[in-house]
Structures are given as structure tokens and as C-alpha cells.
Visitor: 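I have a structure here, written as C-alpha cells, and I will follow up with some questions on it.
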Amino acid sequence: MYRLSIFLLLFGIWIIFSGLFDAFHTTLGLISAAFVTLISSEFFFADRSAGVGARIQQIIRLPIYLLWMLYQILLSNIHILKLALSPGDLEEVEPSLIRVKTNLKTDFGKWMLANSITLTPGTITIDIEGDELLIHSISKATSAGVEDDSMERKIAAIFERENS
Amino acid sequence: MIVDTICIVLVSLGLLFFVGGAVGVIRFPDFYTRMHAAGKGDTMSVFLVLVGLAVYQLGDFSLGNALVAGKILFITVFIMWASPTSTHALIRAGLEEGQKVWTRDDKKEESEK
Amino acid sequence: MSAVSDFPDWGDPNSPANSYRLSQHYVTETIHETSVPNMVTAVLADYRGYDTMFETVVIFTAGIAIIGILRRFGNDDKDAAKPTLYTKKPDLIIDTTCRLMIPIIQLFALYVIAHGHHSPGGGFQGGVIFGASFILLAVSRDLQAAQKWVPEKRILNLAGIGVLIYAGFGLGSLLLGQNFLDYAILHKIMPATPIEARSHSMLGVEIGVAFTVTAIMFSIYSNLASNGSMKEGL
Amino acid sequence: MDSFFIFAGIAIFALMLPILYRIMVGPTAIDRIVAVNVIGTKTTVLLVIIGMVFQRVEMFVDFALTYALLNFIGSLAAARFFDRVNPNKEFTESEIKEQEL
């Protein structure tokens with residue numbers, strides 16, 4: 001079941017790549033997608049305890065979060081622009097390292113959280129050990145923002161709904 | 001005509017953010033803060049420029065152009081997906097290598113010398 | 001510098017290189033003779049098939065040479081700088097990203113190989129990208145994981161098979177009574193017209209090249225990264 | 001529209017020059033690697049824009065994707081290199097224990 005859905009996904013990507021729909025190239029696409037599925041399908045969806053249906057539900061819930069993330073990326077770029085173009089000797093820059101605990105269980109949720117922290121204004125995830133994140137923050141205002149756990153709850157609502 | 005305007009606006013905004021990233025890479029005081037400029041200044045600007053180009057490509061609508069626009073969007077997704085990871089990898093390498101975190105005090109010491 | 005002004009303009013159709021009879025033949029007749037829109041591929045894999053075949057052999061030989069120089073068997077390197085090297089658990093973020101990326105990279109590599117006729121690409125480029133996907137696994141986890149996925153013996157077999165595929169197409173046309181690497185005759189054993197046979201054989205040849213390049217890329221990387229011990233490395 | 005694309009390409013190219021400063025001066029090696037990574041991202045965008053100027057986007061998009069890919073792999077490999085090859089690195093106690101096991 002997982003293999004079939006991976007095959008369909010890869011074939012969809014092939015169609016975007018290819019742009020030619022004659023029989024010869026479509027056959028090549030089918031062969032290629034099947035070949036990649038054969039040799040490396042275990043790389044997608046490492047944790048297969050949940051069914052395909054649950055996975056699809058998770059994917060459906062994802063876009064809203066991604067849109068919110070896009071807005072955050074815009075904010076972080078404006079933040080960088082403002083800092084970079086501020087005159088004088090960069091009054092606002094006050095770097096510090098912070099350790100934060102997270103309640104997320106799954107690896108994928110942690111990955112999502114770490115990348116989201118990297119993309120939101122003023123913070124970068126340096127390291128992740130167990131459930132502890134080491135974060136570098138660029139100014140005092142953003143250090144305060146790290147303690148806020150709204151992002152974590154958003155991710156938990158997507159990937160770990162049954163736990164909460 | 002509308003398509004052209006949208007494209008010009010998006011690409012120009014993207015270039016503006018590129019300026020932010022480039023200036024940040026030069027001006028910021030230590031490795032970690034420069035990493036902030038390098039890692040974040042790029043994502044949104046790449047997104048804006050490439051989406052602008054994809055919109056322009058869609059302006060002259062046909063199946064082939066739509067697929068090319070899809071490919072451009074795929075590059076965007078790829079970069080926004082890979083960028084946080086490479087940022088993380090590089091900054092972690094910097095930490096392992098023993099880069100110092102810059103503070104206000106360093107600045108004062110420098111000026112006293 | 002004074003001679004630069006006498007050079008033909010960039011892309012000038014009347015420049016000596018372009019007005020030579022052979023070039024004009026390539027430009028005008030490629031599509032009729034081979035039904036391949038991308039002229040470069042046609043010249044590379046068909047008109048100059050010998051060149052490309054021996055380029056593949058050169059890559060193969062280079063890989064073998066590097067293995068011969070670097071590879072160390074046995075446990076005689078026990079005391080070689082072990083204490084400073086230490087293997088770590090794979091980093092969660094890098095590991096997850098690469099895990100999701102590897103199948104897509106492989107698909108892209110196959111796309112580049114398969115569309116060498118229509119857009120730039122072909123065996124060499126696609127092979128490099130495919131090899132990069134193995135290298136990405138070795139970088140994101142460690143060399144052991146990649147070795148488990150594609151063992152050393154299998155990768156060398158693949159390199160050999162790549163050259164054999166190329167030579168096999170040549171021999172096939174030789175057996176059917178034509179010159180070496182003259183693919184048109186292969187239409188007798190392929191369900192295609194002679195012209196299509198040329199284009200399809202070019203694809204087969206590209207696949208052979210891709211096998212060799214993939215295998216040699218990864219084997220060079222793993223030998224260089226692990227000092228030839230194939231145990232630990234980048 | 002063509003002139004706008006040419007302008008955008010030149011602007012991106014001009015923005016690479018200040019980053020070259022970081023490559024030449026940059027106090028440590030890893031600063032330089034970061035700068036190379038930034039230039040690589042810009043090059044990806046520049047390739048798509050060049051495709052727009054030459055009216056051959058469908059071709060240049062492939063180049064851009066490949067370049068982005070190799071840039072990513074390159075920076076990961078460089079980071080991994082620094083991760084491991086550092087004779088002065090001091091291990092924490094837990095890490096030493098892990099190694100002894």
C-alpha cells in the first residue's frame with residue numbers, strides 16, 4: 001500500500017519533470033518510478049505504524065501550517081533586512097544560546113519544529129539531542145519569543161493529534 | 001500586462017531581500033549572526049523571485065509553459081526545503097569547530113584596544 | 001589581443017567552424033537520420049560512438065586505478081589515527097531531510113538520462129546525479145549505511161556492466177553484419193524502423209554510460225573519504 | 001520585459017560581489033564555506049533568469065535544479081568535514097562514554 005502510493009507520487013513528479021506525453025517517454029517514466037520505488041522506497045515514511053489514511057489526513061492538514069510558515073519567513077526576512085540596514089554599530093544585536101525542551105515525540109515532528117525555528121525571525125536551531133533543542137538567538141526580543149510554544153502546539157495538532 | 005506588473009513587483013521585492021542578506025553577511029559581527037543573514041536572507045528572496053518568474057511563465061498560457069512553471073516551483077520548494085538543513089549543518093559545524101559567540105563586551109574590548 | 005577582433009562573431013552561422021561540410025551535415029541531417037532533436041547527443045552517442053565508448057572506458061580505468069592505489073584490505077591499519085576520529089550518531093535534522101530527498105534525486109537523475117535526446121543531459125550527467133544520491137546518504141548517515149545499501153562488489157560489477165552494455169550494442173550491430181556501433185541495423189531485432197533504432201540504441205548506450213559513471217563516482221568518493229578502508233569516513 | 005530580466009540578472013550578479021569579500025577576508029574557513037553556499041543559492045536564481053532572457057527556460061530550469069542539488073550536497077559534506085576532523089575538539093563526558101562503549 002505504501003509502495004503503491006510512493007510509486008504514484010514519484011510518477012506525478014516525473015510528469016512535472018518530463019513535459020513529454022508520448023508513449024515512449026511515459027513508459028520510461030513508469031519504469032523509472034518503479035525502479036526508484038524498488039531500490040529506495042524505505043526512505044519515504046520511515047515510521048509505518050500509522051495507516052496510509054492517517055498519513056493522508058496529516059498531509060491534508062499541512063498546507064495551512066505551511067502558509068503560516070511562509071508568513072513567518074517573510075517576517076524573518078524583514079527582520080534581517082531591518083537589522084542589516086540599521087545605522088550605527090547594530091544596537092539590537094545581542095546574541096545568546098538558549099536551551100529549550102520540547103514535548104514532541106515523533107522524529108518527524110521534531111524535524112518540523114527544528115526547521116520552523118530556523119525559519120522564524122531571529123533564531124536558528126544548532127543542535128537537537130533527545131528532546132532538548134540548542135538555539136542561537138540574535139537579539140533579546142527574539143530570545144523572549146523562543147519560550148512561546150504556540151508553534152509546537154500547531155505541529156502537535158498536525159502530526160500527533162492522537163496523543164494530545 | 002497585469003502579469004508583467006506582478007512579476008516585476010515580486011522580483012523587485014526578492015532583490016530587496018537579497019540586498020538584506022548580502023549586507024548582513026558583510027556587517028554582522030560573528031559567525032553565528034552572519035549565518036542568520038545567510039540562511040534566512042535567501043529563502044524568502046528565492047521564493048519571491050522564482051514565484052515571480054513562474055507567474056510570468058504562466059502569463060502566456062499553454063501546457064508546456066504550465067509544466068515549466070511547475071518545475072520552477074519545484075526548484076523553489078527544493079531550496080526552501082534544503083536551506084534550513086544546510087543552515088543547521090553549517091552552524092553546527094561552526095559550533096563543533098569552536099566558534100565563539102560574540103557579545104557586547106567583545107565589542108567594548110575591541111574599542112578599548 | 002589584436003587578433004581577437006578578427007575572430008568570427010559569437011553564433012555566426014558563416015564562421016569557419018560552422019560552414020565546414022561535416023558541421024552542416026550534422027546541423028541539417030541529424031533529425032532525419034536519427035530522429036533525435038538534441039544534436040549534441042546524436043553526435044556524442046552515434047556519429048562519434050567510438051570516442052564516447054572509450055571515454056567510458058577511461059572513466060572505468062580511472063576508477064580501477066583509484067581503487068588500486070587507495071584501497072587497503074585487512075586490519076593492518078589498526079593503529080592509524082583512530083583516536084581522533086570518532087563516529088557520531090546521525091544528526092536527526094540532516095538525516096530526515098536527506099531521507100526525503102534521496103528518492104527524488106534518483107528520479108531526477110533517471111529523468112536526465114532518459115531525456116538526453118530532447119534536453120541537455122545524458123548518461124554522464126545523470127550518472128553523476130545518481131552517484132550524488134549515494135554520496136548524500138553517506139554524508140547524512142555514514143559510509144557504513146551507504147555500503148550496506150550498495151555493497152562495494154555490486155558497485156564494481158555495475159561499472160563493468162555499464163561498459164559491457166555499451167560494447168554490447170556495438171557487437172550487436174557487428175553480428176548483424178554492419179560496422180561496429182552502427183546502430184541502424186539493430187532494427188532487425190528491435191520493434192522499430194532503422195531510424196528509430198538509432199535513437200533507441202542511443203538511449204541504451206546512455207544507460208550503459210550512466211551505470212559506469214554512477215558506480216565510479218561513488219567508489220571514488222568512498223575510497224577517498226575513508227582513506228581506502230571503507231569502514232568509516234565522512 | 002527582457003530588459004527587466006537583464007537588469008535583475010545584473011543586480012543578482014552585483015550582489016555576489018560583496019559576498020566575495022567575505023570569501024577573501026572571512027576570518028575562518030567556515031565563514032568562507034557559508035559565503036560560497038550563499039553564492040550558490042544566488043547562482044541558482046541567476047540561471048533561471050538567464051533562461052528567461054534566452055527564451056529557453058525549459059532547458060535552464062534543469063541546470064538550476066542540478067546546481068541547487070550539488071550546492072546542497074557540497075555544503076553538507078563541508079559541514080560534515082568540520083564536524084569530524086578537528087584535533088582540538090574537547091568531547092563532553094557523555095560523548096566519551098558513548099565512544100568507549
Side-chain angles (χ1 to χ4, degrees), chain B residues 3-4 7-8 11-12 14-16 18-19 21-27 30-31 34-35 37-39 41-43 45-46 48-50 52-54 56-57 59 64-65 67-72 74-76 78-79 81-83 85-99, chain D residues 1 4-5 7-8 11-12 14-19 21-23 25-31 33-35 37-42 44-49 51-52 57-62 64-65 67-69 71-86 88-90:
Chain B
V3 171
D4 285 12
C7 171
I8 288 177
V11 173
S12 313
L15 289 178
L16 184 69
F18 264 139
V19 172
V23 175
V25 168
I26 298 232
R27 273 192 73 195
D30 76 337
F31 166 72
R34 282 201 282 273
M35 203 65 232
D42 275 359
T43 42
S45 33
V46 166
L48 286 173
V49 172
L50 289 182
L53 295 180
Y56 178 74
Q57 194 67 26
N65 279 350
L67 282 169
V68 170
K71 252 189 199 172
I72 296 179
F74 190 85
I75 296 179
T76 318
F78 182 86
I79 288 180
W81 183 6
S83 162
T85 307
S86 54
T87 308
H88 159 80
L90 286 170
I91 201 169
R92 184 158 159 260
L95 184 80
E96 300 267 339
E97 200 213 19
Q99 293 272 346
Chain D
M1 241 2 228
F4 175 71
F5 285 137
F7 161 76
I12 289 181
L15 281 174
M16 286 178 189
L17 297 180
I19 296 170
Y21 166 83
R22 192 46 79 196
I23 293 184
V25 175
T28 56
I30 194 145
D31 276 306
I33 292 170
V34 170
N37 188 20
V38 172
I39 285 187
T41 315
K42 284 186 177 35
T44 311
V45 179
L46 189 58
L47 277 172
V48 180
I49 289 180
M52 283 283 178
V57 202
E58 76 279 2
M59 203 169 97
F60 276 84
V61 162
D62 287 357
L65 192 50
Y67 198 91
L69 197 98
N71 186 33
F72 173 67
I73 295 177
S75 55
L76 272 194
R80 185 75 197 260
F81 181 76
F82 273 93
D83 215 21
R84 211 200 57 179
V85 186
N86 180 13
N88 302 322
K89 179 176 157 46
E90 289 174 7

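Here is the naming used below: chain letters follow the sequence lines, and residue numbers restart at 1 for every chain. Computed over heavy atoms, backbone and side chain alike; hydrogens, waters and symmetry mates excluded.
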Visitor: For V48(D), run the side chain to side chain contact (heavy atoms under 4.5 Å, CB included) check against I72(B), V46(B), V49(B), T76(B) and tell me which one passes.
Guide: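 Only one option passes, and that is I72(B).
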Visitor: Do you know which two heavy atoms are closest between P18(D) and I26(B), and how far apart they sit?
Guide: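 That would be O-CD1, 3.0 Å.
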Visitor: What is the minimum heavy-atom distance between L76(D) and A89(B), and which atoms define it?
Guide: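 Heavy atoms of L76(D) and A89(B) come nearest at CD2-CB, 3.5 Å.
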Visitor: If you measure from CZ on R22(D) to CZ on R27(B), what distance do you get to the nearest 0.5 Å?
Guide: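 With rounding to 0.5 Å, CZ (R22(D)) is 12.0 Å from CZ (R27(B)).
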Visitor: Is V25(B) close to chain D through its backbone or its side chain, or both, or neither, when contacts mean heavy atoms under 4.5 Å?
Guide: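 Both backbone and side chain.
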Visitor: Quick one: what part of D42(B) sits under 4.5 Å from any heavy atom of chain D, side chain, backbone, both or neither?
Guide: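 The side chain, not the backbone.
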Visitor: How many angstroms lie between atom CZ of F18(B) and atom OG1 of T41(D), to the nearest 0.5 angstrom?
Guide: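 Rounded to the nearest 0.5 Å, the CZ-OG1 separation comes to 7.5 Å.
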Visitor: With rounding to the nearest 0.5 angstrom, report the OG1 to CZ distance, T28(D) to F31(B).
Guide: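 If we round to the nearest 0.5 Å, T28(D):OG1 and F31(B):CZ are 7.0 Å apart.
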Visitor: Over all heavy atoms of both residues, which pair between V57(D) and Q57(B) is shortest? Give the atoms and the distance, please.
Guide: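 Scanning both residues, the minimum pair turns out to be CG2-OE1, 3.7 Å.
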Visitor: Could you pull out the closest heavy-atom pair between A11(D) and L15(B), with the gap in Å?
Guide: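 The answer is CB-CD1, 4.0 Å.
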Visitor: Minimum heavy-atom separation for N37(D) to S86(B), with atom names?
Guide: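 Reported closest heavy-atom pair: ND2-OG, 3.9 Å.
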Visitor: Hey, what do you get for CD1 (I8(B)) to CZ (F7(D)), rounding to the nearest 0.5 Å?
Guide: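 I8(B) atom CD1 to F7(D) atom CZ measures 10.5 Å (nearest 0.5 Å).
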Visitor: Against chain B, work out which of L17(D), I12(D), L15(D) has the most heavy-atom pairs shorter than 4.5 Å and name it.
Guide: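 Ranked by contacts with chain B, first place is L15(D).
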Visitor: I'd like to check V34(D) versus R34(B) (side-chain heavy atoms, cut-off strictly below 4.5 Å). Are they in contact?
Guide: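 SC-SC contact between V34(D) and R34(B) ruled out.
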Visitor: Given that the side chain runs from C-beta out, which part of L90(B) has a heavy atom under 4.5 Å from chain D: side chain, backbone, both or neither?
Guide: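 The answer is both parts of L90(B).
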Visitor: Output, in order, the C-alpha distance, side-chain angles, deciding distance and verdict of side chain to side chain contact (heavy atoms under 4.5 Å, CB included) for L53(B) and F5(D).
Guide: CA-CA 9 Å; L53(B) 295 180; F5(D) 285 137; 3.3 Å; yes
Visitor: Indicate the atoms forming the closest heavy-atom contact of K71(B) with D62(D), along with that distance.
Guide: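 Here K71(B) and D62(D) meet closest at NZ-OD1, 3.0 Å.
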Visitor: Checking L50(B) against chain D: side chain, backbone, both or neither under 4.5 Å from a heavy atom?
Guide: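 When you check distances to chain D, only side chain atoms of L50(B) fall under 4.5 Å.
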Visitor: Under a 4.5 Å cut-off applied to non-hydrogen side-chain atoms, are F4(D) and D4(B) in contact?
Guide: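 The answer is no, as the side chains (C-beta and beyond) never meet within the 4.5 Å cut-off.
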